[in-house]
Each structure stands twice: as C-alpha cells, then as structure tokens.
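The structure under discussion appears below in the form of structure tokens.
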Amino acid sequence: MTMPARVHLIAAARPNFMKVAPLWHALAAAPDFTPVLVHTGQHYDANMSDAIFADLRLPAPDHHLGVGSGTHAEQTGRVMIAYEAVAMADRPDWLIVVGDVNSTAACALVGTKLGIPTVHLEAGLRSRDRAMPEELNRLMTDVLADVLWTPSPDADANLAAEGIPPARVTRVGNIMMDAFELTRPAIMAADYPAALGFTPGGYGVVTLHRPSNVDDPAQLARLVAALEQAQARLPLVFPVHPRTAARLATAGLDTRLAAAGVRLVAPAPYVRFMSLVTQAAAVITDSGGIQEETTYLGIPCLTLRENTERPITISEGTSRLVQVGDLVATLVSALAEPRSQRRRPDRWDGRTAARCLADLRARTAGAASAAA
Ligand code: UD1
C-alpha cells in the first residue's frame, strides 16, 4: 500500500483560517492524504487566531512559526526563513497556500524553490490596484504556484490574460461557503446579536482594517463622521481589528464613535461574527471575504473601497462599492430596496473542498502516469 500523501496547509492570518479549515477536515478524512497544519503566526491575538481555530474545529498546528508583526519585508522574510526549515525537514508531497496575505506569497516562494508541488487556493483574483499589498501577493503567488484553484470565472479569465496555461488552473469554487456550512449549526445557535441587545434585522455590522482606510488620519476621520451619520439611521456594531483600534485610539475617534452610539466590540471570532452577519440588515466593510459571505447570505454589503478583486460579488451578488461621501445615502437606499432573490455564484455551494481533493488526486495520477 502506498503511503498517504503529506500536504502542508499554510495558515497565517484571520481570513486564512476559514479557507484552510474545510480543506483540513476533508484531507484528514481521506485515507490517501495526511494534512500537516503550519501556522506562521502572522496573526497571534486570541480573537484573531486561537478562538477561530476552535470555532472551525481545527487542531493545534503541527508547526507554529511564531513570526508575529513587522514591516512587510520583516514579516515576509521571517516567514520564508522559518518555513524553509520546516519544509526542508518535512519534505511534503504538496504545499497548499490560501488567500493573499504576506505569508501566502512567502511560503509559495519557499515551496516552489524547493521543488515542492505548490497549489494556490483562491487564485486569479485581481483588483488591479498595486497600492494594495494583497494585490502584489496575489500576482507573485499565481505566477509561482504549479496549480491554481480559482473561485469564479473572472479569476480564470484574469489568469488566461496573464498567459498562465489553462492546464495549471482548476475552478474549484469558493471555499468560504464550505466553512460557513461546516459551522452553520454553531452559527445559528450562537445568537451573539441578542447578547448585544440587537434584534434580527435591526442593526448593521461594520468592519474596517485596510491601510488605505485606517492608516490615513484624514480618511479615518471622514469614515468616522460618516459612521456617526449612518448610526442615526441604523444602529451599528463594529468589531474593531487591532490595527484599526490603535489608529482610532491615537486620534481619539473611538470615544467619538462610542458617544454617537456605535457599539465598539473586540474582534469577534468566526462563529460570533457570522452570527452577527446572518441577522444584520446591512454590512459596511472593506474586507474581501465579507463581500463573499454577504453575497452567499443575500445581505446588502457596502464595500468601502475604490475597487474590488471580487467583482462577482457586485455583478451576481449583494455588494456595491461606495466612497465615504456616499455612505449614508447608499445605506438608506440599500435598506429601502426590496430583498431581491439571492443569487449564488456557480460553485459557491459548500462542496469546494471535495473538488480540491478530486483535483489533487487527478493531478497525482496524471504525474504518476507521465513518469511511467
Ligand atoms: C492582514 C493581511 C490582510 C488581511 C488582514 C485580515 C497582509 C499584507 N495583510 O492585514 O490581507 O485582510 O490580515 O485581518 O498580509 N495585530 C495584533 N494582533 C494580531 C495581528 C495583528 O495586534 O493578532 C496588529 C499588529 O500591531 C500589526 C497590525 O495589527 O501591526 C496589523 O497586522 P498585520 O498582520 O500586519 O496586517 P493586517 O492589517 O492584519
């Protein structure tokens, strides 16, 4: 009998964990694979990491690299050095990196240089905004990885336009929906909104963490003023990312939001956060993943960005791009719109992890017959 193939799964930051979890569970249940979970330590706060692992029923990582925060080069460099040692000692049959954080690009570079077959899950997304660190991470990871797993046809088209051979690409769908379906009972049971004193449909959820929104004091002040006005229309709850918490506190804007009635709470782990989203009247965010989750759930999403690498959440989903000056008017019109019949993009169905495994098996068999 052949040995199960060892698969390194890289988890680094909050948005990675919900992409890694469905794959980990699928690989762990398969006799022909052994998942090896590597946490780079890019996110390390309990609410940003450990509590989300618990929500997603992920075990403690097999390897924890403990890289922590730093400048982009410091963080990327520390991940590369630490992951190279693990990869050289462990020599996995496959490496899977997910999303677009610094650890994603760092591990893809390490893995491909060591000749480890490397897969990128959530490949092909493009905002065409090179001021976004994630866009540079996406470009680098897709050019390096041997196999590109895409969520949507726009991603396939982006890769084709960049000259990537179609044989490297498989459209597996959106793994975030697998994470939601995996934890749906816990999400439905959590009822975090009630614990905060909100009724279903009686509030909005805010998240902000992009450097373009929170690192520029003038932009942050404009956003806070717009949220104060929005709060007068719809009570808001705002789980605050650590980066944003630091910027708000420095500018004294956290007390202003609280005085206006906005509920500032700690970053919510996955189940609590999704419990907030599922009952919300609307979501205001600059996150990538939340544009997808609201599309899946049919909840209006006001995306505070100039562009999105996820255009399908606009063309087929519930998201719209808004500028800070239009936030209140857009919120009012979004709340007045009749809830349209929700449309779910093709292959956003909770079965993406199964497609990933089928693709790994097909590619393993293809490589074996090519070698024979
Ligand atoms: C990272 C990702 C971003 C993702 C986001 C989700 C990159 C380039 N960015 O941005 O794509 O959308 O995660 O959260 O990889 N901090 C803590 N505790 C933590 C983590 C961070 O206090 O557990 C603080 C640190 O002071 C750090 C700051 O937050 O300086 C920003 O963290 P960092 O990991 O650099 O980037 P994010 O903004 O979280």
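Every heavy atom of this structure was used, including side-chain atoms; hydrogens, water molecules and symmetry mates were not. Every number for a ligand or one of its atoms is a count from 1 in the order of the listing. This is a predicted model, so every value here is computed, not measured.
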Selection from A12, P211, P15 by shortest heavy-atom distance to atom 6 (C) of ligand 1: P15
Among all protein heavy atoms in this structure, tell me which lies nearest to [atom], with the distance rounded to 0.1 Å.
{"atom": "atom 8 (C) of ligand 1", "answer": "N102 OD1, 3.3 Å"}
{"atom": "atom 22 (O) of ligand 1", "answer": "P242 CB, 3.3 Å"}
{"atom": "atom 38 (O) of ligand 1", "answer": "R243 NH1, 2.8 Å"}
{"atom": "atom 12 (O) of ligand 1", "answer": "H209 NE2, 2.8 Å"}
{"atom": "atom 20 (C) of ligand 1", "answer": "H43 CD2, 3.3 Å"}
{"atom": "atom 2 (C) of ligand 1", "answer": "V101 CG1, 3.7 Å"}
{"atom": "atom 25 (C) of ligand 1", "answer": "S69 OG, 3.3 Å"}
{"atom": "atom 16 (N) of ligand 1", "answer": "Y44 OH, 3.5 Å"}

Is any side-chain N of the basic residue among R138 and E162 closer than 4.0 Å to the acidic one's carboxylate O? no
Should R363 and D146 count as an ion pair when the cut-off is N to O under 4.0 Å?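 The answer is no: the pair does not qualify as a salt bridge.
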For ligand 1, which part of E134 has a heavy atom less than 4.0 Å away: the side chain, the backbone, both, or neither? side chain
Applying a 4.0 Å heavy-atom criterion (strictly less than), which segment of M48 is in contact with ligand 1: side chain, backbone, both, or neither? side chain
Do D156 and T150 meet the criterion of a side-chain donor-acceptor pair at a distance under 3.5 Å?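 There is such a pair (donor and acceptor under 3.5 Å, judged by atom type) between the side chains of D156 and T150.
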Is a side-chain donor-acceptor pair under 3.5 Å present for N174 with E292?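 Yes, a side-chain donor-acceptor pair sits under 3.5 Å.
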Taking side chain as C-beta onward, heavy atoms only, is T170 less than 4.5 Å from R355? no
Could you check whether any side-chain heavy atom of T40 comes within less than 4.5 Å of a side-chain heavy atom of I10, counting everything from C-beta outward? yes
Would you call the rings of H241 and H209 parallel, tilted or perpendicular, taking 30° and 60° as the class edges? parallel
Need the ligand 1 atom indices (1-based, order shown) with element for anything under 4.0 Å from a heavy-atom of [X].
{"X": "Q75", "result": "34 (O)"}
{"X": "H72", "result": "8 (C)"}
{"X": "H241", "result": "14 (O), 37 (P), 38 (O), 39 (O)"}

Please report whether the ring centroid of F17 lies less than 6.0 Å from that of H39.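 Under 6.0 Å, so yes.
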Have a look at H8 and tell me which of F33, W94, Y83 forms a ring-ring contact (aromatic ring centres under 6.0 Å, His included) with it.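 The option that passes is Y83.
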Enumerate, atom names and distances included, each donor-acceptor pair closer than 3.5 Å involving a side-chain atom of residues 257-277, sequence neighbours excluded.
residue : atom : partner : partner atom : Å
R263    : NH1  : L196    : O            : 2.8
Y270    : OH   : F180    : N            : 3.2
S275    : OG   : Y192    : N            : 3.0

For ligand 1, which is the ligand I care about here, please tell me if Q42 has any N or O atom under 3.5 Å from one of the ligand's N or O atoms. yes
